[in-house]
Structure formats: structure tokens, C-alpha cells
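Worksheet: the structure to be examined is printed underneath.
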Amino acid sequence: MTECIDGCVAYIDSKGEISVEELIRYVKAPDFPTGGLIYGYAGVKEALLTGRGRVVMRARTEIETDAHGRETIVVTEIPYQVVKSQLVQDIAQLVTDRRIEGISNITDVSSGKGGLRVEIEVKRDANASVVLNHLFKLTALQSYFSVNNIALVNGRPRQLNLKELIHYFVEHRHDVVTRRCRFELRKAQERAHILEGLLIAVDNIDEVIRIIRSSENTNQAMERLCERFALTEIQARAIVDMRLRALTGLERDKLRAEYEELEKTIHRLQELLSNDDLLMELIKEELIEIKEKYGDERKTEIVFSSEEFNPEDFYADDEMIITISHLGYIKRTPLSEFRSQARGGIGSKGSTTREEDFIEYIYSASMHATLLLFTTKGRCHWLHVYEIPEGAKNTKGRAIQNILDIDPDDRITACIRIKKLEKDQEFINSHYLIFATQQGLVKKTLLEAYSRPRSKGVNAINLNEGDRVVTVRLTNGNAEILLANRNGRAIRFHESKVRAMGRIATGVRGITLDDDDDAVVGMVALKHPEEESLLVVSEGGYGKRSLLDTYRTTNRGGKGVKTMQITEKTGRLVDFRAVTDELDLMIINKSGVVIRMPMESISTIGRATQGVRLINLASREDEIASVCSVAREEDTADKAWAKEGGSEKDTEEWSPAGKAESVEEDSREELSDEHTV
């Protein structure tokens, strides 16, 4: 009510010249008696501007944590017209039907003194925020109120916006006050007319008494008084009916005072009726008086945020392992399902696939991350991690063609995790994507060129006939680039040696291959050379780490230097990446077996050595299919990311080599992450 009166006063002060947008500053939104939250302002604003819209109401809730770490959702205010008892029953039914997971108990502890309070206990392994968002979606904790301002205007129904509503309300008040003033003026004039006759009688009381006493009846007395003093019938009747106490001096003074006051009232009412500005000022004063007498604080809080459900609200931002099989089946699996083992172990069964299929790529990313997926044919697609179907580590997953528009003969070859890409123009205009192809070409393009993908994807690079994309890296424009081929050779050059090109350019020569059977297996873009080492893995299960200093810097396009001693036992190179001691290494072979080991357990040895055994292959026909570096598992799978090393900041923001970036050193780096095969 307070806001509505403020709006009416502002309308009167502007003499109707105020706009709807200006009125919204005063009348912000409806105010419901049960409190709660108005969630999102778009529907409210539309209703105020047009007279038609939708108001989203949410219950007022808090998440409380007890001394044992258990979380409880506490509801203290509910939307208008929602019955509390029915709401509790609905939530209990959803839990019984298993439509909502993570709730252990519901208790109504409301009281007349303490007010409404419904406690919803959350299970230890559940996320209270996620449970609450499901409750908002499935129960009356979030309700919708339609606004349709239809009113009769001059006998015809019309849809009115805020200004029109206030206009017709003020017009109605103007009519009411005008009628009231006319009524009061008429009554005042009638009373003044009677008082005039009484005052004449008091001034001539002796003669009036004589005329009345000498008259035969009342009618004769009234006629004689009218003839003698020129009175009206109403005045004569008032004199005849006058009591004797009116003859006292005090009563005579009261009559004169009342008459003088009526004269002032009549003058004021006549002035109001003749001056519209004075009448509007009276309406304003009366509205302010009502506000001061009955006005109170707003009960319903306005939350200026989107009224639509954000899909991220329904998923905890946990770390996930994303696997893609050779035949194109994709899934996400919680990182906690993979337990750490010592180097040289036999691993655990990681995925069940058909005989002709095997797990080929493995990435790590948080649930809320957005993935830029690049295919071997040079296409770029966007995919949110929560859009990937979840599956246990021993399940097959879902065909990626059912999720993305990818050609049957195309496959995902690189994945870059980007956070807030569409919201940070400065970031996307200062970072680059560097592509490496099997034929040894490299291409550098500004990230901004990939910030507006279409549903069917966009062309990421123009490929020569027979060439394929091997990997894609995100850089800040000042990285050291290293390329490695199957024959165990690697080349190092600075990123500045590659000029920036357009999105569909082909690129330039990065490394010269040994022969037609040779191909690039990996590319590294080092941002922190002093903290990272280079990991190489061969198809026979051997691998090692070596220091960057052992690779001399040359111009791009050369043959490079030896990065691993290739033998029949080791097999040719299958992976080349930058790592740190804070990471775990995950290896998966073509038979679907996966192993996870601490990166620090892998020896750092010379550049030209053959390395140490990382995984024992079940047979000679089996080979390494994919390698991925993931964040360190602290203790056990159940406690992953629970300690300091797995804080929310660290789990979300990992550099291309897997190490958490320092915000003090480069606040821009925390916006993105990449994991590439």
C-alpha cells in the first residue's frame, strides 16, 4: 500500500506527466501478505508496463548446518495462497515416489509465537542447494501468479498498465472528493440558513415570544414570524422548536461561533470546488494521511534475477571424468569412482564396450564447465558437462551423434574447458587457440572467433586432404609450443613464431615429419615452464618425464630432437603432454582397463631414454588408447576434493597442465581450463 500511495502522489505532483517507467520506481511490485520472495523482475515489469504478465513467487528458505555438518533446509515464508500442510504432504509424496533424492526427514515445527517453520533434513551425501532447486521446480515452494489488469472504463473493459491504473484511481478519488465537498457544502449552507433565523430570533426574543404566545397554533405562529422578520418556513420552524436554554448568554455565544465557523467552511468548500489544483492537493493530503496511519514495510522481497530455472542449479559443481569411445560413445562419471593405485599396477575395469570398441579419449572437467569440442575434421561444437549423460565407469555411455551434430565418420579429438566465455570479452580477445594437425601444421586463432558457435557447430580450421586435427590448446599469447611425432621426436618454439590467423585458415608448418607413416601425436603449450615437466607415453605402456630445459628452442618447421628412445618393447609414441607433481595420471587401454597413479611416482629422467613401465598390458595385442592428467585425489574416493587441496577454487580452475593458477599472478587465467588428448 505504501508504494501505491507513493506512486499516486508522484502522479499528482507531475499533473499526470510522469511516465510508466518513472512510476515503476515507486510501485516496484505486488506485496503479498504471507511474505516470500518475488523471484525475477521481468514478468513483474511486463505486467506494470502492459497490464499483463506473470509474477514468480518463491518461499523464503535458509540452509542451516549443525555441529555435525548435517544440512537442513528451513522454510520460514511460503507463497501466497499456498497451504502449509498440503505443501508438506506433497514434498513427502515426492520423496516416497523417489522423484526427489537426498531428503531424510520433513518436520513442521511452526508455532503461533515463532511463526512458520518447516525443516527439511538433507542426507549427508546430498547437496542441499541442489535438493532445494528440485523442490522449487516440483512443489509449490515456487508458485506463479498471472497478472491481467482488466477494468471497466466508461462501461467498457480495458487492459490497463500502471500509469493508467493510477490515472483512473486518481480520477475516481477526484470524483469522490468532489461529491463529498458538494454534499458538505450543501449541509453547511442548510445549517447556516437555520442559524441565521435563530440569531434573528435571539436578537428580538421579546417580540418573538409575544408573537408565539398570541398565536392560536404553531402554523399561525410560523406565518406571523415569517411576515414580521422575513423568515423562511425552515427558519420559522427552527425558531418555534427552539428550547428555552438557547436564550442564555452562553448559548447565544455558541450560536454566533457556530455560524462564523460555518461561514469559513462554506468559503473553503466553495474554493475547493472552483479550484481543481486545491482539490488535487486535498486528495494528496488524504492519501499521505492513510499511508502514515496504515502503511507498513514491504513483506515480499524482490529478488532481481532471472525467473527461469538455470540448468546449473540442478547439478553440484563436482569434478567429472568424461570418456569417449572409439565408436563415439560418451558419458560422464564422478571422479570419486576412480581410486588411486601405485605405478605398475594392473588397473581396474573402467568401461564395458563392445568387442570392436574401446575407450579412446578421456578428459576431466567440472559439472558446470562448458566444453569446446573439436573434431578430427576441424569442426567446433559446444557442450555443457551436465548435458552429457551420466554413467558408471563400467557402462558404455551414449552415442555422441545423439547429442551433437557430428558426421558418422568424424570423431572428437580435443576438448577445451572454458568458463564464462560469453560474459568476458576482455578474456576472449586476449587468448588464443592453437591447433596441431597430423601432418605437422599449426594454426593460431583468437578465442573470440569461437565464442559464437551454432547448434550444428562451426568450421574451426581448413584442413588439407588426408589431414586431421590432433589437438587444440588454449594460450595467452606467450607460451612455449612443443610438438611430438610417433617416431619419438619433438620440436620446441615460441608461440610468437606463429602469427594469428582467421578461423578457417589452414595454418603453417610446425614440425617436419620423418616419412609418410609418421604423424604428430601431441602438442604442449607451456605457460609455466619452470613448474612443469614433459610426459611421454608409448603404446607399449612405457613412459617418463623430462625437463623442458633438455629441449632446445628452434624455429618452427624443423625435425626437432629425440624425446623418447623408441624400441620394439616400448612401441611408438601415443601421448605427449605437460604435467606437474600435483596431478594424477589416468591411462586407459583399448581393452577398457583404466589405471590411476600419482604423477610424482613417474621418474623424471633423460630426454632420450625409453622410460619406465607405467601399466602392465594384459596381452601383446593390447595397447594404450588414451592418457589424461587429472587433479590429485587426496585420500580415498569418498573423500576426494574434501581437503584443502580440493577447495572449490582449485577444483574449478585448472591450467592446461593441470596445476591451479595463482589469482595474484594472473586473475584472467582462472576463467578457463583445457584438457586435450
Side-chain angles (χ1 to χ4, degrees), residues 1-4 27-48 51-66 70-123 126-150 294-310 313-314:
M1 181 180 67
T2 300
E3 292 181 0
C4 293
V27 187
K28 299 179 178 64
D31 191 14
F32 297 94
T34 56
L37 307 175
I38 291 178
Y39 186 69
Y41 199 66
V44 175
K45 189 172 183 180
E46 182 182 2
L48 296 175
R52 190 180 185 89
R54 187 179 70 164
V55 180
V56 183
M57 282 290 298
R58 276 191 173 185
R60 186 180 295 276
T61 60
E62 294 180 1
I63 298 176
E64 298 180 353
T65 306
D66 60 17
R70 290 193 67 120
E71 292 182 317
T72 301
I73 300 172
V74 179
V75 181
T76 55
E77 295 176 4
I78 57 178
Y80 183 55
Q81 293 183 338
V82 172
V83 180
K84 179 189 62 177
S85 58
Q86 185 62 46
L87 174 65
V88 173
Q89 292 178 15
D90 292 343
I91 296 175
Q93 188 62 44
L94 288 171
V95 175
T96 303
D97 297 341
R98 297 186 179 275
R99 294 184 63 192
I100 292 182
E101 302 289 343
I103 296 177
S104 60
N105 190 33
I106 307 172
T107 308
D108 182 7
V109 293
S110 305
S111 64
K113 184 178 181 181
L116 186 145
R117 183 179 176 90
V118 177
E119 297 180 352
I120 304 171
E121 297 181 12
V122 180
K123 295 179 180 179
N127 186 302
S129 297
V130 173
V131 172
L132 179 58
N133 283 310
H134 280 287
L135 289 172
F136 282 140
K137 184 175 183 180
L138 299 175
T139 71
L141 285 179
Q142 175 163 311
S143 302
Y144 302 89
F145 291 88
S146 296
V147 177
N148 191 10
N149 295 329
I150 298 293
Y294 301 105
D296 55 1
E297 295 295 327
R298 167 177 280 278
K299 293 182 174 63
T300 306
E301 181 182 347
I302 303 172
V303 179
F304 294 91
S305 60
S306 174
E307 64 185 63
E308 298 298 332
F309 283 106
N310 186 347
D313 295 339
F314 300 97

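Just the heavy atoms: all of them, side chains too, but no hydrogens, waters or symmetry mates, feed the values below.
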N105 versus T107, side-chain donor and acceptor atoms under 3.5 Å: yes
Atom pair CD (Q89) and CG (L94), whose distance is rounded to the nearest 0.5 Å: 12.0 Å
Side chain to side chain contact (heavy atoms under 4.5 Å, CB included) involving K299 - partner list, sequence neighbours excluded: D31, D296
Verdict with supporting geometry, I100 and L135, side chain to side chain contact (heavy atoms under 4.5 Å, CB included): CA-CA 8 Å; I100 292 182; L135 289 172; 3.4 Å; yes
From CA spacing to verdict: side chain to side chain contact (heavy atoms under 4.5 Å, CB included), V55, V147: CA-CA 7 Å; V55 180; V147 177; 3.8 Å; yes
Set of residues satisfying side chain to side chain contact (heavy atoms under 4.5 Å, CB included) with respect to E101, sequence neighbours excluded: R98
Flag, side chain of T76 to backbone of R117, donor-acceptor distance under 3.5 Å: no
Heavy-atom closest contact (L37 atom, A59 atom, distance): CD1-O, 4.0 Å
Closest contact, heavy atoms only, V131 versus A126: CG2-CB, 4.3 Å
S143 to V82 - nearest heavy-atom pair and separation: OG-CG2, 3.6 Å
Option among V75, V109, I106, I73 that satisfies the side-chain contact (heavy atoms from CB on, under 4.5 Å) test with E119: V109
Residue list, salt bridge (Lys or Arg N to Asp or Glu O under 4.0 Å) with E77, at least two apart or on another chain: R60
I38 and P30, any side-chain heavy atoms less than 4.5 Å apart: yes
Spatial distance of atom CD (Q142) from atom CE (M57) [nearest 0.5 Å]: 10.0 Å
Pair Y41-L48, side chain to side chain contact (heavy atoms under 4.5 Å, CB included): steps then yes or no: CA-CA 11 Å; Y41 199 66; L48 296 175; 3.9 Å; yes
OG1-CG distance between T61 and L132, expressed to the nearest 0.5 angstrom: 4.5 Å
NE2-CZ distance between H134 and R99, expressed to the nearest 0.5 angstrom: 11.0 Å
Closest approach of A140 to L87 (non-hydrogen atoms, all atoms of both residues): N-CD1, 4.0 Å
Listed partners of D108 passing side chain to side chain donor-acceptor pair (under 3.5 Å), at least two apart: K84, S110
Side chain to side chain contact (heavy atoms under 4.5 Å, CB included) between T300 and Y80, intermediate numbers included: CA-CA 10 Å; T300 306; Y80 183 55; over 6 Å; no
Approximate separation, where rounding is to 0.5 Å, of R70 CZ and T65 OG1: 11.5 Å
For Q81, all residues meeting side chain to side chain contact (heavy atoms under 4.5 Å, CB included), sequence neighbours excluded: F145
Spacing of NZ belonging to K123 relative to OG belonging to S104, to within rounding of 0.5 Å: 7.5 Å
Shortest non-hydrogen separation from A47 to N149 and the atoms involved: O-ND2, 4.0 Å
Set of side chain to side chain donor-acceptor pair (under 3.5 Å) partners for E3, sequence neighbours left out: R298
Flag, side chain of T34 to backbone of I78, donor-acceptor distance under 3.5 Å: yes
